[in-house]
Structure formats: structure tokens, C-alpha cells
Asks: 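Sharing a structure with you now.
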Protein chains: 2
Amino acid sequence: MIIFTAKFILPLEMLKEERQRTILNEVELHNRVLLTDIAEKLDVSIDTVRRDVKELDTENRLRKVHGGAVSLGFSNYSPARNNVYALDEKIAIAEKALSLLKPESVILIDGGTTCLELARLLPPHIKLTCFTLSLPVAMELLTKPNIDTIFIGGQLSKDAQITMGANTIHNLSEIKVDYSFIGTGYVDAAFGLTEFDWDIVQTKKAVIKASKKTILLCISEKLNSQHRFKTCDLNAIDTLITELEANHTLLANFKSQEIQLL
Amino acid sequence: MIIFTAKFILPLEMLKEERQRTILNEVELHNRVLLTDIAEKLDVSIDTVRRDVKELDTENRLRKVHGGAVSLGFSNYSPARNNVYALDEKIAIAEKALSLLKPESVILIDGGTTCLELARLLPPHIKLTCFTLSLPVAMELLTKPNIDTIFIGGQLSKDAQITMGANTIHNLSEIKVDYSFIGTGYVDAAFGLTEFDWDIVQTKKAVIKASKKTILLCISEKLNSQHRFKTCDLNAIDTLITELEANHTLLANFKSQEIQLL
DNA sequence: CTACATTTTGCTGTTTTTTGCTTTTTTATG
DNA sequence: CATAAAAAAGCAAAAAACAGCAAAATGTAG
């Protein structure tokens, strides 16, 4: 494609102010800009744009990066803070899950941040017998006075901080819980639950087998994604809890199945 | 003046920041990613992804592993040990215990603050297979790259933060380790090791039975004290480690026995 | 209106960063 | 120990940033 640019046809001389305003707008709209794009769009040299962006950077109105600029909120993170990804969504899911809990029942809580959130939010008065294979979940459950915690032994995975492997699977084969709350790496209406890791899949299979009912906790962002190893089909799951309303568009694919949406 | 500008079909350029943000999202969403997957998804070379992940790793925003990256997740657990009683003594004991460790051996580490200190001080390079029934010890062992950790399952005690009970004892009956490092509530040259709690005694008995050699870690303050339930006689112990010199007066009673003092 | 200082802008190298490629080394795994 | 995959190291091309300079625009004062 060839663009003909007649420079003198543009009589509107832009003030520096206006230019910078435009750049800021662009950044706030798209979270990022390329210097070259701006230069072309405003028909000024790349150097001018660079100088503008540099100024805006020193004024802390955006952050200049190699090749462009990004909005300040874009890369904001606090390393010290307890930064769980999508924490609000996970809390919403955990709260829905809580409504399923019947006192005196025997449940199993899987690893992962969503399940950990469920463990955190368990009310102190509720009486439960709770199995888990996640170290952080177990730590959390110890703080609940009325929960009897049983840890499923086995080889510990440094990444997932859960026990897995043959011994764990064998131990799981000897129990049967009323409900298990599990997470998954990926879920798809057609392909079911999948994982990145083969060992995790084996463990999750054993968990599902050890459960009368299985409840999947899953933020909507994971819906319609898949990976290498398959845990189970979707119909092995009894209830799917996301942070969305049950009739949300994104859940349409999952609605037809014999699965309870929450 | 007329300017002819030949505009190329840009392959939608991505800023480095955007790429890294995408990688972080993926990691936080699924807990782990493959470098190759990311490279394909973002349509950049594997080297670029590797460099990005390396940067993010040094910034402590994820952990780089062979072939991919994993989320830091909840691994930033550091149980405060500000208020550990007699910490210096316990560190001294743990350091002596370290000298007993042979690479590639299979050991068991009990619960209690002294044993936890031993776990903390394990050097990162040493290769060990390590059993434990203590939640805090297990958490600590997860941070050691070359230690294979196996958690002995069972019912969790809220006080001691270890598994115990029939299931734990049964699980212990099926293993045999080279060394076990145990603590005790009370120890006396004549009465042996005793505890306040009956269940703990049963568990410790099972631990000793599962060990070729048993090493008792014990601060001198506990010497010559006793309580209600008996774990074992002193001669069931192979090595006694205190913070004292082996020829200290307080250890006189223990010297006569067929027990190694350290 | 002119003379002159100041700011802005675009242009010219030069330097730095980024990125993909190749080769070598290391690591994982059977 | 052999094989394959991944990481590391080094290199070169391309893009971007930078520094300096000069033309143009703007402002100011006489």
C-alpha cells in the first residue's frame, strides 16, 4: 500500500499541548501506544513524539518503554502485597461454594488459589471433616477450630505444593467424600478438563473417583481453554462454579450439559 | 512538496511490556506455562520468551523452570520465627545435626521448632529424600530444590501441626529411613523420652520403628525432666544432640549409656 | 518592520536495545 | 551412558534512542 501525504494540505498546526493530549488519550484508551503510530497519525517526526512522551513520562502521566508508552495502571504491581491473580473473582467463587456446604459432611479441598480461598473463607463455626492434599490449604484449615483435617500423604510437588504420585493416588482410593472442590488448569465444554501436567491429571482423577459429587471452581477466564492431558469429561463434574451469573453468555456452551451452574 | 510513504504490512508489533504482561497472566491463570506455547501464541522466537521469563524471574514475578515458568503462587510463606523460644540453642543443635547428613540418604524430620530449624538450615545443594509429618517442616522443605519430600498423611493435630493417629502410624509402618531426627517433650536418663500427649507418643513410637537410626534433638533445658506417657527408653536413641559440649556436666547422666553425644 | 533571543522541530550521525539465529553447553530422562 | 530438549553464549541485523545541529517558528524590544 502506498500512502500519499501532502504535507501542506494539513493547515492545522498542532500545539504541543494538543499533541500530548492526544497521546495521553491514546494511551488511556488502549493501555499502550507505539511511537511510530503516533508519529504517523499526527504527521510529526518520530523525534517530536519521543520528546513528548519523554516529557509525559517525567510528569508521571504515562510510562515510556522501548518503542512506545504504556499506561501507568498497566504495569502496576506491588511485589510485597499478597498478589493473587483475579482475587475478587476467586472470592466470589468461594462464596458461592460455601452455600453448598452442609454441616457435618465430609469434603475434600484441592490445591490452587481458588480452593485456597474457599478454605480461607470457611466460617469458624461450621463442623466438617475435610481432606486435602494441598499444604497451603492444610495450613489454612488448621486455623478453623471446628474442622477436622486429614492430609492425604504422598510425594510433594514443589510447584503445586500438593502431594501427588502413586502413594497419593493409593491413599485417595481408600476414601469416599461427600463433596470435593477441585480446580483445573483448563476447561472446555467439548474437551473437558485438561492439565499441563500428567501427574496432576492422575491425582485429580483419583480425587474425582473418591468423591460422590465433584464441584469445579473455575474463573471464567479459563473457560474454553485446553491443554495436553485430560482429566475427565465435563459430565464427570456435578457443579461448575464461576464468578459469572449462571445465564451469562460465556456459560452457554456449558449449559446444555447435565451440569449444575452456579 | 509531496511525500510518498511506502507503508509495510506491520505484523502487529507488540511492546515488551505487553508480552511480559501476557506471560504473567498466563502463568497466574494456569500456574505454569511452556516457553514454546508462549512463543507460538505471541508469535515471537523462543529466545525472546526465554529472555522475558528470565527478566520476570529476576524481578521475582514468577519462577523460571526448565522449559517454562511457574507461578510464585502462595510460596511466599515464611512463618514468623521471631518468637521461637531459645532460638540460638536450637540453631546450634540443628547445625550439629547437619554434620550427620550424608548425601543421597533417606531421612525423616519430625515436628517441633528444633526440627523445623534443622529443615531451615538444610543447605540448598544437598540431595536427600526426606519424609515428614510436620506441616511447617514440609513447607520449609519445599523451598529446597534438591530435596525430595514425602509427606506422611493422616489426621492433622491443630496444636502440633503434625499428622498423627492410626492412619499416620500405619503409613509409618510401611517405610524405613536411614535417619530420623526427632524432638521430645521430656527426656530423662532413667525414664527415657516422655510426652504430655498419648497420641503423640504413639506417633513417635512409629517414627522410631521406621528408622534405622534415631537422632534426638533436644535443648539442654529439657534434660532430666519427665511426664506422663512414655515414648521409649533412652537406649532406643542412637544419638543425642544438645547445644552443649559433649563433656558438659549436665550430660553426665547420659554419658554412661550406649548413646552418641553430640 | 527589523533585530535578536528563545523555543520548537526535523535531520544527521552515533550508540544502545531488541531480536532471531547459530553453536555450544547443560539438563532431563530413559 | 545415550539421546533429546532446553539453556546459555555469542553474533549480526534491525529498530529505537540519543546527542548535536540547523532551520523554522515564536516571542520580545526597539
Side-chain angles (χ1 to χ4, degrees), chain A residues 5-8 10-23 27 32-59 62-70 75 155 157-159 165-166 196-199 202 228-229, chain B residues 1-23 27 32-59 62-70 104 124-125 127 129 145-148:
Chain A
T5 310
K7 213 178 181 182
F8 53 82
L10 295 172
L12 177 60
E13 291 288 335
M14 232 181 181
L15 296 174
K16 199 170 75 166
E17 282 289 313
E18 292 181 80
R19 247 190 359 248
Q20 298 194 350
R21 185 72 256 159
T22 310
I23 295 173
V27 167
R32 66 118 198 210
V33 287
L34 299 182
L35 298 192
T36 52
D37 282 358
I38 292 282
E40 192 184 331
K41 187 170 177 180
L42 301 184
D43 193 33
V44 290
S45 82
I46 187 85
D47 300 76
T48 304
V49 177
R50 187 170 288 122
R51 278 185 275 245
D52 281 339
V53 167
K54 207 170 175 181
E55 260 185 57
L56 291 168
D57 185 333
T58 56
E59 289 168 19
L62 49 69
R63 197 158 71 81
K64 184 180 183 321
V65 298
H66 194 92
V70 296
S75 62
Q155 186 159 18
S157 152
K158 291 196 198 308
D159 300 333
F196 174 93
D197 191 289
W198 191 81
D199 287 318
Q202 304 312 312
R228 198 181 297 166
F229 302 111
Chain B
M1 170 179 57
I2 305 261
I3 299 175
F4 294 80
T5 309
K7 193 186 186 184
F8 307 108
I9 304 157
L10 298 177
L12 182 57
E13 279 195 66
M14 213 174 187
L15 294 172
K16 196 172 74 167
E17 316 299 319
E18 294 182 273
R19 247 188 0 245
Q20 298 193 350
R21 165 54 49 192
T22 310
I23 294 172
V27 167
R32 56 197 320 176
V33 291
L34 291 181
L35 298 191
T36 51
D37 282 358
I38 294 278
E40 192 182 334
K41 187 169 178 176
L42 300 184
D43 194 31
V44 291
S45 81
I46 187 87
D47 301 77
T48 303
V49 177
R50 186 170 290 121
R51 277 184 277 244
D52 280 338
V53 166
K54 206 170 173 182
E55 259 186 59
L56 291 168
D57 185 350
T58 58
E59 289 168 18
L62 49 69
R63 195 159 70 81
K64 186 179 182 322
V65 297
H66 196 87
V70 299
E104 312 280 346
H125 55 82
K127 279 199 180 183
T129 300
N146 293 307
I147 292 188
D148 197 13

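A note on names: the letters A, B, ... follow the listed sequences, proteins ahead of strands, and every chain is numbered from 1. Remember, predicted model here, so these are calculated numbers, not experimental data.
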Asks: Separation of B/D43 atom CG from C/dT19 atom P, in whole Å?
Replies: 13 Å

Asks: Please work out if B/V65 contacts a base, only the sugar-phosphate, or nothing of the nucleic acid, heavy-atom cut-off 4.0 Å.
Replies: sugar-phosphate

Asks: Expressed as a whole number of angstroms, how long is the span from A/K54:NZ to D/dA17:C1'?
Replies: 8 Å

Asks: Report yes if some heavy atom in the side chain of A/V70 is under 4.5 Å from a heavy atom in the side chain of B/R21; otherwise report no.
Replies: no

Asks: Within the side chain of B/K64, is there an N or O that forms a donor-acceptor pair under 3.5 Å with the backbone of B/T58?
Replies: no

Asks: Give A/V53 one of three labels, base, sugar-phosphate or nothing, depending on what nucleic acid heavy atoms sit under 4.0 Å from its own.
Replies: nothing

Asks: Tell me the interatomic distance from A/I46, atom CD1, to D/dA17, atom P, rounded to whole angstroms.
Replies: 7 Å

Asks: How many whole angstroms separate atom CD1 of A/I38 from atom P of D/dA17?
Replies: 13 Å

Asks: Mind calculating the distance between CD (B/E55) and P (C/dT18) to the nearest angstrom?
Replies: 7 Å

Asks: Does a side-chain heavy-atom distance below 4.5 Å link B/V53 with B/R50?
Replies: no

Asks: Select base, sugar-phosphate, or nothing to describe what B/L35 touches, counting heavy atoms under 4.0 Å on all strands.
Replies: sugar-phosphate

Asks: Starting from P on C/dT17, measure out to NZ on B/K16 and report it in whole angstrom.
Replies: 10 Å

Asks: Ignoring backbone atoms, establish whether B/K64 has a side-chain N or O less than 4.0 Å from OP1 or OP2 of D/dA7.
Replies: yes

Asks: Could B/E17 and A/R32 be called an ion pair, given the rule that one side-chain N must be under 4.0 Å from one carboxylate O?
Replies: no

Asks: Is the phosphate of C/dT19 approached by B/R50 (side-chain N or O, under 4.0 Å from OP1 or OP2)?
Replies: no

Asks: Verify the contact: side-chain N or O of A/R19 to OP1 or OP2 of C/dT8, cut-off strictly under 4.0 Å; return yes or no.
Replies: no

Asks: Indicate the atoms forming the closest heavy-atom contact of B/V27 with B/A69, along with that distance.
Replies: CG2-CB, 4.2 Å

Asks: Can you tell me whether the side chain of B/R51 and the base of C/dG20 have a donor-acceptor pair closer than 3.5 Å?
Replies: yes

Asks: Can you tell me how far P of C/dA28 sits from CG of B/D148, to the nearest Å?
Replies: 14 Å

Asks: Please determine whether a side-chain nitrogen or oxygen atom of A/T48 lies at a distance below 4.0 Å from atom OP1 or OP2 of C/dG10.
Replies: yes

Asks: Nearest whole Å is fine: how far is C/dT14 P from A/D47 CG?
Replies: 16 Å

